[in-house]
Each structure stands twice: as C-alpha cells, then as structure tokens.
**Q** 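Pasting a structure here, questions to come.
The sequence lines fix the lettering, A, B, ..., with proteins before strands; numbering per chain opens at 1.
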Amino acid sequence: MIANFIDGPLWYVSLAVFFIGVLWKLATIVFGKKTTDLSQPRASAAVGAWRTIFSRFLPDRGMFSEIKLQVIAGYLFHLGLLALMFFAAPHIRFLDEHFLGFSWSALPHWAFIVAAQFAFLGLILLWLQRLLNPVTKLISTAGDHISTLLTFVVMLTGCLALLESFSGLRLIHRFSVEIFLIYFPFSRLMHAFTFIPSRAFTGAWFGRRGIRS
Amino acid sequence: MSARLEQGVEALKGQIDAKVNSFFTSCIHCGICAEACLFYTETKDPRYTPIYKTEPLRKVWKSEKTLLGKLGLAKALKEEDLADWEELVYDGCTACGRCSMVCPVGIDVADMIYRVKQGLEASGYSPQDLVAAADRALEFGSPMGDISHALKAQVKHIEKDTGLKVPFDVEGADYMVTISANEIVTYPDYIASLSQIFHQAGVSWTISSEAFQATNAGLQLGDNTIATKLVQRIVDAAEKLKVKYVVSPECGHAYAAIRWNGPNYIGRDYKFKVLHILELLDELYRDGRLKTSGMDASKLTFHDPCQLVRRGGVDAEPRELLGSVAENVIEMKEHGKMNWCCGGGGGVSAIERTEDLRVTVFNRKKSQLDELDVETVVTACSNCRAMLEDGLYANDMDMPVVGLTEMIAEHLVDDKPIPQMPDKTSDIKDAPSQKLEVEDTLPSSKVDETHVARSDDDKTSAEKTQQKKNTPASPQSLYDTPKYHQADNKSVDGSTFAPDKKSTRIDPEIISQKQLVKDDNLKKIEGIGPKIESLLKDAGLKTFADVKHASRDEIKAILDEAGPRYRMHEPKSWPSQAELADKGAWEELSKLQDHLMGGRE
C-alpha cells in the first residue's frame with residue numbers, strides 16, 4: 001500500500017508542487033516589480049545580461065586561490081549530479097517511458113561510478129566547508145543544511161538502488177526524490193533556475209555602464 | 001513594534017522587487033563574496049561577509065516573499081538587528097562593489113547593501129557624522145559646510161597666478177563643471193588645472209555659483225530624498241545655464257550620483273549629458289585639442305576609484321591619459337574593475353569612528369603597492385586621494401599621491417597665449433549661504449572671446465609664429481611619438497604601460513645625467529608635482545638640500561621662466577619643507593603640510 005502511494009498519488013503531487021512552485025517562483029521574478037533605469041546607457045544592457053549569464057560559470061582568476069575549494073568542489077558536485085540525473089540508465093528509461101518518448105545512450109557502469117564519486121566528493125566537501133569555515137558557518141541557515149541533506153539522501157538512495165543491493169531501495173529512492181521535489185520550490189535549491197535571472201539583472205546593470213561583469 | 005522598527009521595516013519592504021527576490025532566492029551562502037571584501041580579508045571577521053550585511057533585508061524578504069514567512073514561521077526583523085547592522089553596513093562597507101563581481105549566481109551584493117542602508121536610515125539607525133554631513137550639504141551646499149568663501153579665495157589665487165579667468169554662471173557655455181568639496185578645500189590645484197587645460201583646449205566652460213559642489217551625502221547615507229534634492233540643484237543650475245554637458249569632478253561617488261543615479265532620483269532624463277572629467281579630457285586628447293608634452297619617467301601606478309571604474313565604467317580613459325604623460329606606469333596585480341578599494345569610500349571616510357578600521361583595511365592597498373615598488377600613486381578621486389595619503393602616512397610609506405587631472409595639466413603644451421585679464425576678475429561676493437554670487441560676471445560674448453581659445457586653424461600665421469617662439473624647449477622634443485595608444489599597450493598584470501619604445505628618441509646626454517646624479521624625490525614637498533620636480537632638477541635643484549638653500553625668489557624665477565602655467569605656484573614654503581625633508585623629519589614635515597593648502601601658507 002505504501003508502495004502504491006509512493007509510486008502513485010505522492011509522485012503526482014510532488015511533480016505538481018515542483019512544477020507549479022517553480023513556475024510560480026519564476027513568474028514572481030519575471031513579472032515582479034521592476035524599475036526602469038532612466039540614465040543614458042553607455043552600452044547595451046541586453047549584451048551585458050547575456051555575457052554575465054555565461055561569464056559567471058568561471059571564477060575570477062585573481063581570486064581563484066582563495067576560493068578554489070568552493071569552485072572545484074562545486075564543479076565536481078554539479079557535473080557529477082547532472083551526469084547521474086540525465087545519464088544513469090534507469091533515469092533515461094524512466095524519462096522515456098513517462099515523459100519524453102525517446103531515449104539516449106546511458107553512461108557505462110564505470111562512468112556512473114566515477115560520476116557518483118565526483119558528486120559525493122563535491123557535496124561532502126561543500127558541506128564540510130559550510131560546517132567548518134567561519135564565514136559559511138555564520139551565514140548558513142537551516143534551509144541550506146536541509147537542502148544539502150536531502151540532496152545527499154537522494155543521491156545515496158539512487159546509487160544504492162541502481163546497484164540493486166535490495167529491492168526496497170528503489171522505493172526509498174523514489175520517496176526521497178518526491179520529498180526533494182516538494183521542498184525544491186520553497187528553498188534555495190531554486191538557484192538551479194533563478195541563477196539565470198540573477199546573473200541577467202546584474203549583467204544588465206553593469207552592461208549599460210559599459211562594464212564587463 | 002516600535003515606531004523606528006516599523007519605519008525601517010516599511011522602508012525595507014519598499015526595497016523588495018524582482019531583483020531582490022531573485023537574488024535572495026539564488027543565494028547559496030557559499031561565502032565567496034567574503035574573499036572579495038577588504039573588510040573581511042584584512043580583519044578575518046566573518047561578520048564583514050558582504051551578503052551577511054544584507055541580513056535585515058533578507059529577514060524582511062523572507063517574511064514577505066516565502067511560504068515560511070506567509071505562515072508566520074520566519075524570524076521577524078527586530079530593532080536590535082537594525083542597531084547591530086548600523087555599524088556593520090555603514091562602517092564596514094565602502095560600496096566598492098567588488099563582491100558583486102565575483103558572486104557565482106550573479107548577486108549585486110553592493111546594490112543590496114545600499115538598499116539596507118535605506119532601511120537603516122529610515123529607522124534612524126545611521127551614523128551621526130553622515131547625517132550631519134547630509135544636513136550641511138542641504139543647508140550650505142556642501143558636506144563640509146559653507147565653502148563658498150574657500151572657493152572664492154581659491155579662485156582669486158588661481159586667476160592671479162594663471163592669468164586665466166575662472167568663468168562663473170556663463171549662460172550657453174558647453175560644459176558646466178562641478179567640483180567636490182575636497183577639491184576646493186584640500187586640492188585646489190585641481191581647479192587651476194581645469195582652468196589651464198580648458199584654456200589650452202579651447203573649451204567653453206563655466207561653474208554655477210548656485211550648484212558648484214557635486215558630492216552627494218544623501219547617496220552615502222542611503223537617503224534618497226536628500227540625494228534627490230542635491231542632484232536637483234545641479235540639474236536646475238545646468239538647465240538654467242542651458243549647458244550641453246555637466247562635468248563630474250575627480251570624485252567617484254559624485255559621478256555615480258549625477259551620472260547614473262541622478263535621472264532615477266528626479267524621475268526623468270536630463271536635458272544635458274554628464275561626463276566625468278576624465279571622459280572629457282580623454283575626448284579632448286583624442287580630438288587633438290589636449291596637447292601634452294614630455295613624459296614622466298618615474299615609476300608610478302594608477303589607483304582605480306571604485307565608483308568611477310568598477311561601478312562607473314570609466315576604465316580605459318584614465319589609462320590612456322596617464323599613458324600620454326608617463327612612460328613607466330605599472331599596473332597593480334588587481335586593477336581596473338577588480339582593483340581593491342582605498343578603504344574610505346561610500347561615506348566611510350566621513351565617519352570618525354572608522355579611523356582605526358580604515359587603517360587596518362588599508363593593508364590591502366599597502367600590499368598591492370609593496371608588490372610594485374613604485375614612487376608615485378596617481379588617482380582620479382579626491383576622496384581616494386585623501387584616503388591613500390592617510391593610509392600611506394599611517395604605514396610610514398614615503399609616496400606622493402597625485403591627481404590625474406593635475407598631472408595632465410603639468411604636461412600641457414604652452415601653445416595658447418594667456419589672454420589679457422580684464423581689470424576686474426571674477427569677484428565673488430561673500431555669500432551668506434551655499435549660493436555664490438558672482439559680481440561682474442562677463443556677458444557671454446565677452447566671456448567667449450576671453451576664455452574660449454581659438455583653434456589653431458583660426459589663428460593668424462603671425463600668431464602661430466609667435467606661439468612657436470613662445471613655446472619653451474619642452475621634454476616633448478625628446479619624443480617623436482609621445483602619445484600612448486591603448487590598443488598598443490595591453491593591460492597585463494604587473495606589466496609596464498609605455499609608449500612604443502621603438503618610436504621614441506631620447507637624448508642620451510639626459511639619460512646619462514639622470515643616471516649619474518642621485519636625486520631626492522622632491523614631490524615630497526607639498527606643491528611640487530612631477531613636472532615641477534623635473535623643472536627644478538633641470539635647473540640644478542636636485543636634492544632637498546639644494547631646495548632648502550634656494551630662496552623663494554630663485555625658485556619663483558625658475559617657475560616664471562617655465563611659462564604661465566607655473567607662475568601660479570607659490571614656492572614660499574618649499575625651502576622650509578625641504579629643510580625638514582633633508583633632516584628626515586617626516587613627522588614635522590607632515591605637521592607643517594597639514595597647515596598648508598596645496599603647498600601654500
């Protein structure tokens with residue numbers, strides 16, 4: 001019965017909360033209160049916005065030595081997670097059957113293991129940094145820890161399910177994903193989407209002043 | 001909820017828009033912004049982490065814009081928070097915006113901190129020093145009080161020394177120049193330099209006696225009502241005089257206030273354009289109207305004022321101008337849009353209690369300068385200049401700080417005759433308030449004739465010949481191509497900006513003389529800049545001992561001979577300053593210089 005609930009109603013509820021929540025949140029940003037800058041621009045705001053959306057994928061070179069842990073761990077985690085999400089064979093099969101109607105090549109087993117190790121290593125390093133570094137310790141909120149913990153659980157149960165250590169793990173993984181999806185729109189996990197308008201706002205501000213940010 | 005808290009919360013609620021919503025939703029609390037902030041890097045106090053300074057705004061945002069807040073489960077902003085954050089935000093942030101350049105999710109943290117300031121100011125949690133400065137600016141026109149008398153005195157000196165009239169309230173002039181209070185009181189040579197440069201370049205300009213002061217204490221305080229009133233004064237004056245351009249002074253935040261924030265304050269675009277003085281000088285230089293001669297050979301670097309470069313976009317202009325008069329410019333490792341702040345911007349320098357903190361955070365600039373081993377720092381903001389001087393003094397660093405406009409003026413080519421001054425020069429009456437009253441302001445036609453120099457094409461051949469004769473043998477003759485071209489000199493960390501060496505022809509005799517004689521750095525003497533130092537050394541006054549033994553009249557004769565641009569300088573205090581420098585009595589010299597104004601007694 002619990003299995004039916006997790007595979008059935010809870011799955012659809014979590015998807016609905018996720019999609020409606022994310023769209024609602026993005027709408028509050030896209031259609032939210034904005035002020036028009038009346039000063040004469042020196043250069044194009046739009047060009048600045050597009051530039052910054054992409055330029056911030058790379059850290060400032062001069063600061064790299066001070067922030068290398070966040071940068072390297074951040075890339076390990078995000079790239080590893082993306083690989084697991086979109087190139088693990090069960091995920092491709094799931095997306096094909098339930099949403100997309102087409103599939104693509106999955107990662108070979110060894111690559112999956114490497115991606116998982118990258119993702120775990122990155123996440124654990126970032127979490128340790130959050131807990132131990134005086135700056136991140138001060139500025140982190142309960143929400144940051146909950147987001148990290150949920151992501152960790154989703155990844156862990158996912159890997160265990162894939163390795164098929166026991167059959168109930170698939171159900172546990174799905175349940176953790178559902179909790180993750182429900183929590184997502186109300187948390188900073190939203191940065192996965194809102195980093196784009198954030199960078200665009202700042203890039204436009206700098207862009208109209210003729211500054212490459 | 002107390003009335004103060006309510007006012008603060010309401011003001012902060014008013015700051016929440018799509019941008020703030022996006023920023024707070026995106027912030028992952030990675031702490032990278034801390035490493036970009038000199039208050040954190042130099043103190044290692046995590047409270048100075050830029051995003052942490054926005055905490056009052058985040059709390060209000062969370063209450064207003066998140067599910068937890070809607071359910072009443074978010075922590076509400078308390079009055080203690082406002083009290084705690086006052087010092088953190090006003091004392092521990094210069095609004096330099098370096099944090100905004102490094103945030104991986106693109107948050108403009110500096111903008112958010114400015115929004116917090118508005119909440120703090122609305123609730124009455126703002127530093128008394130800044131409040132008083134803003135009040136003085138509203139009442140008297142300047143954060144320093146009524147400085148119209150100081151301007152009057154400076155203008156009289158300048159007109160007497162340069163032979164050039166400083167034009168006030170000239171309707172229809174092309175450019176209305178604004179000045180910072182600091183330039184009037186501490187760096188008056190700036191105004192003289194403008195007068196000389198504009199004369200040579202044939203610029204039609206004026207100063208408004210109703211709005212000559214450009215700094216904006218309202219912006220520093222976070223009070224948009226005051227900021228708007230101060231901008232409105234300049235706008236009204238500019239539109240009354242029907243000028244085409246308003247020129248912002250060598251002051252970073254004044255530029256931000258009038259150029260970028262101003263139209264948003266007053267709710268409309270201007271009927272004129274705004275240029276920073278360096279943008280105008282660069283335009284004149286590129287048009288060939290600003291002609292310089294000679295290259296400063298000393299090792300120097302440029303300190304980028306944050307509001308001008310990182311937040312204002314005036315980055316290439318100072319480098320091009322500096323490259324036109326200096327051949328040994330070395331960039332700091334982090335320069336341009338990533339330069340480190342002087343530690344006193346954004347109103348921090350106006351808050352007395354920040355003195356120790358400013359000295360601490362200046363360590364970052366000190367390290368940058370130590371790496372370069374330069375002799376001089378050039379900058380283009382009077383506040384940066386004062387902060388650099390304070391920081392260098394506090395660290396026993398023996399290094400003059402020079403304003404770029406003044407440096408350009410020292411290298412002007414003498415190819416324009418000084419017009420006959422009218423019997424009565426700009427006679428500014430004693431002003432009871434902020435408004436300067438100018439007596440005998442010349443009618444526009446006369447001003448145009450007197451002050452707007454004609455272009456070379458307009459001159460008669462006799463004038464041109466005379467001009468050629470009058471032009472002293474200047475160091476320009478040593479160079480075939482003295483101008484620096486940005487495109488040819490790429491900005492590389494620690495690299496030297498220099499004109500194309502292949503195209504320079506330097507007199508070998510002069511090189512050998514320079515190598516053999518061990519000179520003193522005469523720029524330690526207040527009133528002596530790079531060009532005058534070179535004049536004195538060419539005349540044989542190479543050391544402090546030489547200058548201390550020279551009489552005032554002997555030095556004056558050297559200046560007079562060098563041309564009208566140098567006649568304005570009064571060297572009376574130079575021998576006594578040189579005597580102290582020669583003895584190594586730097587503290588006494590500094591005390592003496594505190595009583596001098598641009599080297600004058």
**Q** Could you tell me if the side chain of A:Arg42 sits less than 4.5 Å from the side chain of B:Val314, heavy atoms only?
**A** yes
**Q** Is chain A contacted by the side chain of B:Ile28, its backbone, both, or neither, given a heavy-atom distance below 4.5 Å?
**A** both
**Q** Given heavy-atom pairs under 4.5 angstrom as the criterion, report whether the side chain, backbone, both or neither of A:Pro41 touches chain B.
**A** backbone
**Q** Consider only side-chain N and O atoms of A:Thr28 and B:Asn21, and report whether a donor and an acceptor are under 3.5 Å apart.
**A**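 A pair is found: one side chain offers a donor N or O, the other an acceptor, under 3.5 Å apart.
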**Q** Side chain from CB out, backbone as N, CA, C, O: work out which of these in A:Leu38 comes under 4.5 Å of a heavy atom of chain B, or both, or neither.
**A** both
**Q** Can you tell me which portion of B:Val309 sits under 4.5 Å from chain A's heavy atoms? Options are side chain, backbone, both or neither.
**A**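 The backbone, not the side chain.
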**Q** Can you tell if the side chain of A:Met63 reaches within under 4.5 Å of the side chain of B:Arg98, non-hydrogen atoms only?
**A**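 Answer yes - side chains close enough.
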**Q** Find out whether B:Phe23 and A:Thr202 are in side-chain contact, i.e. whether some heavy atom of one side chain is under 4.5 Å from a heavy atom of the other.
**A**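 Result yes, sub-4.5 Å side-chain heavy-atom pair found.
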**Q** Tell me whether the count of non-hydrogen atoms from other residues, nucleotides or ligands lying under 6.0 Å of NZ in B:Lys244 goes above 12.
**A**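 Open: at most 12 neighbouring heavy atoms sit under 6.0 Å from NZ of B:Lys244.
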**Q** Identify which part of B:Arg58 has an atom lying under 4.5 Å from any heavy atom of chain A, answering side chain, backbone, both or neither.
**A**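 For B:Arg58, the contact with chain A is made by the side chain alone.
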**Q** Looking at A:Lys34, is its backbone amide N or carbonyl O close enough to the side chain of B:Asp17 to form a donor-acceptor pair, meaning the two atoms are under 3.5 Å apart?
**A** no
**Q** What part of B:Ser100 gets within 4.5 angstrom of chain A, counting heavy atoms only: side chain, backbone, both, or neither?
**A** both
**Q** Are B:Ser22 and A:Thr194 linked by a side-chain donor-acceptor pair shorter than 3.5 Å?
**A** no
**Q** Could you check whether any side-chain N or O of A:Arg130 sits under 3.5 Å from a backbone N or O of B:His29, counting only pairs where one atom can act as donor and the other as acceptor?
**A** yes
**Q** Please flag which part of B:Tyr48 lies under 4.5 Å from any non-hydrogen atom of chain A: side chain, backbone, both or neither.
**A**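 Contact with chain A: none, neither part.
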**Q** Could you tell me which of A:Lys33, A:Gln129, A:Arg56, A:His191 has the largest number of non-hydrogen atom pairs under 4.5 Å with chain B?
**A**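 Going by pairs under 4.5 Å, I would pick A:Arg56.
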**Q** Can you find a pair of side-chain heavy atoms, one from B:Asp269 and one from A:Gln40, that are under 4.5 Å apart?
**A** yes
**Q** Let me confirm one number: the NZ-OG1 distance from B:Lys62 to A:Thr141, rounded to the nearest 0.5 Å.
**A** 5.5 Å
**Q** Which answer fits B:Ile16, side chain, backbone, both or neither, if we ask what part of it has an atom under 4.5 Å from a heavy atom of chain A?
**A**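 Answer is backbone: N, CA, C or O of B:Ile16 sit under 4.5 Å from chain A.
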**Q** Give, as side chain, backbone, both or neither, the part of B:Lys19 having an atom under 4.5 angstrom from any heavy atom of chain A.
**A**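 Contact with chain A: backbone and side chain both.
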**Q** What part of B:Ile32 gets within 4.5 angstrom of chain A, counting heavy atoms only: side chain, backbone, both, or neither?
**A**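 When you check distances to chain A, atoms from both the backbone and side chain of B:Ile32 fall under 4.5 Å.
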**Q** With a 4.5 angstrom heavy-atom cut-off, could you sort out which part of B:Met101 is near chain A: side chain, backbone, both or neither?
**A**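 Both parts, backbone and side chain.
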